[in-house]
There are 2 protein chains.
Amino acid sequence: MKTEEIRRSLVEKGLKVTPQRIAVLEAVTILNNHPSADHIIEYIRKTHPNVSTATVYKVLDALAENGLIKRVKTERDIMRYDAILDKHHHLYCSESDRIEDYSDEQLDQMLEDYFRRKDIPGFSIEDVKLQIIGKFRQT
Amino acid sequence: MKTEEIRRSLVEKGLKVTPQRIAVLEAVTILNNHPSADHIIEYIRKTHPNVSTATVYKVLDALAENGLIKRVKTERDIMRYDAILDKHHHLYCSESDRIEDYSDEQLDQMLEDYFRRKDIPGFSIEDVKLQIIGKFRQT
DNA sequence: AAACAAAAGAGAATGATTCTCTTTTAATAA
DNA sequence: TTATTAAAAGAGAATCATTCTCTTTTGTTT
């Protein structure tokens, strides 16, 4: 995601465009494996050596609350983030903390068809995502 | 889960049978909404007023590591637990921290069929679970 | 009953994240 | 361009869920 795109995204959400916000959103986009705050801070410190840890946490929170990034569901106490807002699923490594994206339109269509017909009593569905747990093979 | 069942489960896993372990496993089974450590501690304190917080964390960890309970994937930093080991999915409330179980064999079958034919390059699937995000309706 | 190692207890330590208060800054209006 | 305003950043402290450490207790086996 280019700086201009980021800038526009922030404006669209009514957020002020600050260098820190640009840097954080860029970092979440660029870093692999659904980065934690710690990794994002590390990355940003290269270009913004004085950025405050609290600021990064605040920026991540603002970005997530405004739908510019998403938090990823994990079992651990460290929160992780994802810049891809398009519909996709996650591959979770059963042996490490690696998480990868998985897109599959056919699967999405199948699930959509299924839940169009299938009612879950007392619950109205907004989104369906797969947690696909397994092992990454050496590549 | 009755005490006898719990006892047997622990023995099967080569774990010592302690009152604390029985109480914790029972609590995870009984409490709704995929309880956090805090809720479990609260509950247990009724029958074991002197149980140490550290012990509960240790027990939860031992139970999870030995496959007697599962950790639930959430976006928050507080870990949560699930006593149901049978194949099931989770309903996540988009507005609160409520999480409910959702079982659906037809869906499981459909997904199994799908991934029997569909290869994810570089990844071998062990399990597939749905995160179904939406709103619980008043009941 | 003795032995042994796992487990519990108690309190301290850890670290990811949030809070608090002040200063800075981005955006807007004039 | 300047002034204004409110959002945002900074800095360090505070919070709290969880883990650590060391000692004692306990469950299980012989």
Side-chain angles (χ1 to χ4, degrees), chain A residues 3-4 6-25 27-28 34-45 47-66 68-69 71-81 97, chain B residues 3-4 6-25 27-28 34-45 47-66 68-69 71-81 97:
Chain A
T3 305
E4 258 315 300
I6 291 175
R7 185 177 298 273
R8 203 168 47 235
S9 299
L10 290 167
V11 171
E12 273 174 18
K13 297 289 183 180
L15 295 176
K16 285 190 182 176
V17 181
T18 67
Q20 294 87 348
R21 284 177 172 169
I22 291 174
V24 168
L25 193 39
V28 178
H34 301 78
S36 61
D38 191 49
H39 279 124
I40 292 164
I41 291 167
E42 231 179 79
Y43 179 82
I44 288 177
R45 283 265 160 83
T47 51
H48 301 72
N50 299 311
V51 75
S52 144
T53 298
T55 295
V56 174
Y57 276 106
K58 275 188 263 194
V59 170
L60 284 167
D61 191 55
L63 296 180
E65 290 307 303
N66 282 278
L68 293 177
I69 61 174
R71 291 191 179 94
V72 182
K73 290 178 169 63
T74 73
E75 297 170 359
R76 287 190 62 211
D77 57 350
I78 296 177
M79 292 194 279
R80 292 167 73 175
Y81 300 90
D97 63 6
Chain B
T3 305
E4 258 314 300
I6 291 175
R7 185 178 296 273
R8 206 171 42 237
S9 299
L10 289 167
V11 171
E12 273 174 15
K13 296 289 182 177
L15 295 176
K16 284 191 184 177
V17 182
T18 67
Q20 293 88 349
R21 282 173 174 171
I22 291 174
V24 168
L25 194 38
V28 178
H34 301 76
S36 60
D38 191 50
H39 281 123
I40 293 163
I41 291 167
E42 231 178 78
Y43 179 82
I44 289 177
R45 282 266 159 82
T47 50
H48 301 70
N50 299 312
V51 75
S52 143
T53 298
T55 294
V56 175
Y57 277 105
K58 276 189 262 193
V59 170
L60 285 166
D61 190 56
L63 295 179
E65 289 306 303
N66 282 278
L68 294 177
I69 60 174
R71 290 191 181 95
V72 182
K73 290 179 167 62
T74 73
E75 296 170 0
R76 287 191 61 212
D77 57 348
I78 297 178
M79 292 191 281
R80 291 168 72 175
Y81 300 91
D97 62 7

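Keep in mind the model is a prediction, meaning the values are calculated, not measured. Sequence lines set the chain letters: A, B, ... in the order given, protein chains first and strands last, and positions in each chain run from 1.
Here the closest non-hydrogen pair linking A:Y57 and A:A37 is CE2-CB, 3.5 Å.
Close to D:dT19, at under 4.0 Å from its OP1 or OP2, lies no side-chain N or O of B:Y57. Regarding contacts with the backbone of C:dG11, every side-chain N or O of B:S52 stays at 4.0 angstrom or more from both OP1 and OP2.
Heavy atoms of B:D38 sit nowhere under 4.0 angstrom from any nucleic acid atom. Across all strands, B:A62 comes closer than 4.0 Å to no nucleic acid atom at all (heavy-atom distances). Contacts of A:D61 with the nucleic acid, taken as non-hydrogen atoms under 4.0 Å apart, are absent.
Counting only heavy atoms from C-beta on, B:V51 has its side chain closest to C:dG9 among D:dA6, C:dG9, C:dT18. Which of C:dT18, C:dA7, D:dA8 sits closest to the side chain of B:R21 comes down to C:dA7. In this structure, the nucleotide among C:dT20, C:dA16, D:dT28 sitting nearest to the side chain of A:I78 is C:dA16. Distance from the side chain of B:K58 is smallest for C:dA10 among the nucleotides C:dA10, D:dA8, D:dT18. Which of D:dT18, C:dG9, D:dA9 sits closest to the side chain of B:T55 comes down to C:dG9. Residue A:A54 has its side chain nearest to D:dG12 when only D:dA8, D:dG12, D:dT18 are considered. Counting only heavy atoms from C-beta on, B:Q20 has its side chain closest to C:dG9 among C:dG9, D:dA17, C:dT17.
Atom-to-atom, CD of B:E65 to C1' of D:dT18 comes out at 14 Å; the value is rounded to the nearest Å. We find that CZ of A:R45 is positioned 12 Å from C1' of D:dA11, with the value rounded to whole Å. Note: CZ (A:R8) to P (C:dA27) measures 15 Å, nearest angstrom. As a whole-Å value, the separation of A:Y81 OH from C:dA16 P is 12 Å. As a whole-Å value, the separation of A:K16 NZ from C:dA26 P is 8 Å. Rounded to a whole Å, the CG atom of B:L63 is 12 Å from the C1' atom of C:dA7. Distance, B:N50 CG to D:dT24 P: 18 Å, rounded to whole Å. For the pair A:R71 CZ and C:dA16 P, the interatomic distance rounds to 17 Å; values are reported in whole Å.
With B:R21 as reference, B:L15 is the one residue of B:L60, B:L68, B:L15 to meet the side chain to side chain contact (heavy atoms under 4.5 Å, CB included) rule.
With a 6.0 Å radius and a threshold of 12 heavy atoms from other residues, nucleotides or ligands, B:H48 has its NE2 atom above the threshold.
By the 4.0 Å N-to-carboxylate-O rule, A:R71 lies close enough to A:D61 to be salt-bridged with it. Using a cutoff of 4.0 Å between basic side-chain nitrogens and carboxylate oxygens, A:E4 and A:R7 are scored as salt-bridged.
Distance alone, capped at 3.5 Å, is enough to place a donor-acceptor pair between the A:R80 side chain and the A:H34 backbone.
Nearest-nucleotide mapping onto DNA chain D: of B:R7 and A:V56, the residue sitting toward the 5' end is A:V56. Nearer to the 5' terminus of DNA chain D, by closest-nucleotide assignment, is the contact made by B:R80 (compared with the other of B:P19 and B:R80).
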